[in-house]
2 protein chains.
Amino acid sequence: MGITKTQIFNDKQNQLALIFKVLANPARIAILQYISTQKACICNDIVDEIGLAQPTISQHLKELKSIDLIEGEIEGKKVCYGINLKKWKEVQDILNSFFDKTKFNCC
Amino acid sequence: MGITKTQIFNDKQNQLALIFKVLANPARIAILQYISTQKACICNDIVDEIGLAQPTISQHLKELKSIDLIEGEIEGKKVCYGINLKKWKEVQDILNSFFDKTKFNCC
DNA sequence: TTTTATTATCGTAATATTGCAATATATAAA
DNA sequence: TTTATATATTGCAATATTACGATAATAAAA
């Protein structure tokens, strides 16, 4: 019925799937890569850089923010986005744990 | 317009997004975890184990196979699924490379 | 206060995904 | 050959995602 049956899976499985889902879009990958190259603030050079409309970028930023992969700091009329390194590493650890555990049990 | 603009991104970005997309579903996570616990063959105990209809499981297996994360070996009327360990490690490396590179450049 | 610039939100169209019933296919068993 | 079992495919309904134009909200500048 078009809706994922999250009820029948455990929290870790749903959390993992959610992380993967947020990353499952090339625009969001590109945004993360671009943000990470900026020494200081970037604000919406992202729009120029990526080549998608401003509302589209804004929505992607919102999704990345939803799991705290990035943070936005308001500076006047601009917003300074940056990778949330703490969460970034945390997510990397969660994914590695999944990959390691799964391959460990493997036939 | 509901369609991801893959043309404006590079191959690596699209490849990464595709990997994440295949993993972005709790049923597929659960299937991978379950398959990895089986010493030998499992066939469609998966259906009983996961709690989704047989066609649904079959479709998820197809998507996992589409990027070679799992392999299916036909044994009589059953099919024996297993993690493709080579590809599994390859994917883990690709993801770690993404996480490491991105955090390396970070402000 | 008005204007300008930057970002967010709303509404909507196009497309994709999820899940399942019905059915097809394939192979083993009777 | 017929029957039973296991898996795959098809078609469809419900929902989610992607993208963008229009517009709102916010804050600096004039």
Side-chain angles (χ1 to χ4, degrees), chain A residues 1-9 13-14 17-31 34-35 38 40-67 70-82, chain B residues 1-9 13-14 17-31 34-35 38 40-67 70-82:
Chain A
M1 297 166 185
I3 187 165
T4 305
K5 290 191 163 179
T6 50
Q7 336 90 34
I8 68 174
F9 304 105
Q13 290 166 334
N14 285 315
L18 181 63
I19 290 170
F20 283 127
K21 191 183 287 187
V22 169
L23 294 168
N25 180 290
R28 292 197 285 276
I29 299 288
I31 288 171
Y34 180 63
I35 285 180
Q38 301 309 105
C41 270
I42 41 99
C43 322
N44 268 23
D45 312 325
I46 305 178
V47 175
D48 300 334
E49 176 70 18
I50 307 288
L52 289 171
Q54 181 268 322
T56 307
I57 297 294
S58 192
Q59 196 179 291
H60 282 308
L61 290 170
K62 194 178 174 184
E63 290 182 64
L64 292 169
K65 264 187 292 183
S66 75
I67 60 165
I70 63 173
E71 294 166 319
E73 200 179 331
I74 297 167
E75 301 213 343
K77 41 185 171 180
K78 302 187 178 180
V79 177
C80 168
Y81 281 104
Chain B
M1 298 168 184
I3 188 167
T4 305
K5 289 190 164 178
T6 50
Q7 337 90 33
I8 68 174
F9 305 105
Q13 289 165 335
N14 286 315
L18 182 64
I19 290 170
F20 283 128
K21 191 183 288 186
V22 170
L23 295 168
N25 181 289
R28 291 197 286 275
I29 299 288
I31 289 171
Y34 179 64
I35 285 181
Q38 301 310 104
C41 269
I42 40 101
C43 321
N44 267 26
D45 313 325
I46 305 178
V47 174
D48 300 332
E49 175 70 18
I50 306 288
L52 289 171
Q54 180 269 322
T56 307
I57 297 293
S58 192
Q59 195 180 292
H60 283 309
L61 289 169
K62 194 177 174 185
E63 289 182 65
L64 292 168
K65 266 188 289 184
S66 76
I67 61 164
I70 63 173
E71 294 166 319
E73 200 178 333
I74 298 167
E75 301 211 343
K77 41 185 172 181
K78 302 186 178 183
V79 178
C80 168
Y81 281 104

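In the text below, chain A, chain B and the rest are named by the order of the sequence lines, each starting its count at 1.
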Query raised in the report: Is any side-chain nitrogen or oxygen of Lys21(A) closer than 4.0 Å to OP1 or OP2 of dT17(D)?
Result: yes
Query raised in the report: Under 4.0 Å between a side-chain N or O of Asn25(A) and OP1 or OP2 of dT17(D)?
Result: no
Requested in this report: Indicate whether OP1 or OP2 belonging to dA19(D) is found under 4.0 Å from a side-chain N or O atom of Thr56(A).
Outcome: no
Requested in this report: Evaluate side-chain contact (heavy atoms from CB on, under 4.5 Å) for Thr56(A) paired with Ile50(A), printing each intermediate quantity in order.
Outcome: CA-CA 10 Å; Thr56(A) 307; Ile50(A) 307 288; over 6 Å; no
Query raised in the report: Expressed in angstrom and rounded to an integer, what is the separation of Ile46(A) atom CD1 from dT7(C) atom P?
Result: 8 Å
Report summary line: From the candidates dT18(C), dA8(C), dT15(D), the one with an atom nearest any side-chain atom of Val79(A) is dA8(C)
Query - Atom-pair distance (CG on Asp45(B); P on dT7(D)), nearest Å - result: 8 Å
Query raised in the report: Crowded around Ile8(B) CD1? As in, over 12 foreign heavy atoms under 6.0 Å?
Result: yes
Requested in this report: Round to the nearest Å and state the distance from Glu49(A) atom CD to dT6(C) atom C1'.
Outcome: 18 Å
Report task. Indicate, with a heavy-atom threshold strictly under 4.0 Å, whether Ile57(A) touches base, sugar-phosphate, or nothing. Result -> nothing
Report task. Report the distance from atom CD of Glu75(A) to atom C1' of dT6(C), rounded to the nearest whole Å. Result -> 13 Å
Query raised in the report: OP1 or OP2 of dT6(C) less than 4.0 angstrom from a side-chain nitrogen or oxygen of Tyr81(A), does that happen here?
Result: no
**Report entry** Proximity to the side chain of Lys77(A) - top-ranked nucleotide from dA6(D), dT18(C), dA5(C)
**Finding:** dA5(C)
Query raised in the report: Within the side chain of Ser58(A), is there an N or O that forms a donor-acceptor pair under 3.5 Å with the backbone of Pro55(A)?
Result: no
Query raised in the report: Is Lys5(A) near enough to dC20(C) that one of its side-chain N or O atoms lies under 4.0 angstrom from OP1 or OP2?
Result: yes
Requested in this report: Please tell me if the side chains of Leu61(B) and Tyr81(B) come closer than 4.5 Å, counting only heavy atoms from C-beta onward.
Outcome: yes
Query - Interatomic distance, Lys65(A) NZ vs dT7(C) P [rounded to whole Å] - result: 11 Å
Query - Asn25(A) and Leu64(A), any side-chain heavy atoms less than 4.5 Å apart - result: no
**Report entry** Pro55(A) side chain, from C-beta outward: closest of dT7(C), dA8(D), dC20(D)
**Finding:** dC20(D)
Report task. Take atom CG of Asp48(A) and atom C1' of dT6(C), then tell me their distance rounded to the nearest Å. Result -> 12 Å
**Report entry** Position toward the 5' end of DNA chain D (nearest nucleotide), Phe9(B) or Ile74(A)
**Finding:** Phe9(B)
Report task. Whole angstrom is fine here: how far is it from CD in Glu63(A) over to P in dT17(D)? Result -> 7 Å
Report task. Give a yes/no answer on whether the side chain of Lys62(B) brings an N or O atom under 4.0 Å of OP1 or OP2 in dT18(C). Result -> no
Query raised in the report: Between Ile19(B) and Phe20(A), is any pair of side-chain heavy atoms under 4.5 Å apart?
Result: no
Query raised in the report: Does Gln54(A) get its side chain close enough to the base of dA8(C), under 3.5 Å, for a donor-acceptor pair?
Result: yes
Query raised in the report: For dT17(D), does either OP1 or OP2 sit under 4.0 Å from a side-chain N or O belonging to His60(A)?
Result: no
Query - Out of dA6(D), dA8(D), dC20(C), whichever nucleotide has its closest atom nearest the side chain of Gln59(B) - result: dC20(C)
**Report entry** Leu61(A) CG to dT6(C) P, straight-line distance once rounded to whole Å
**Finding:** 16 Å
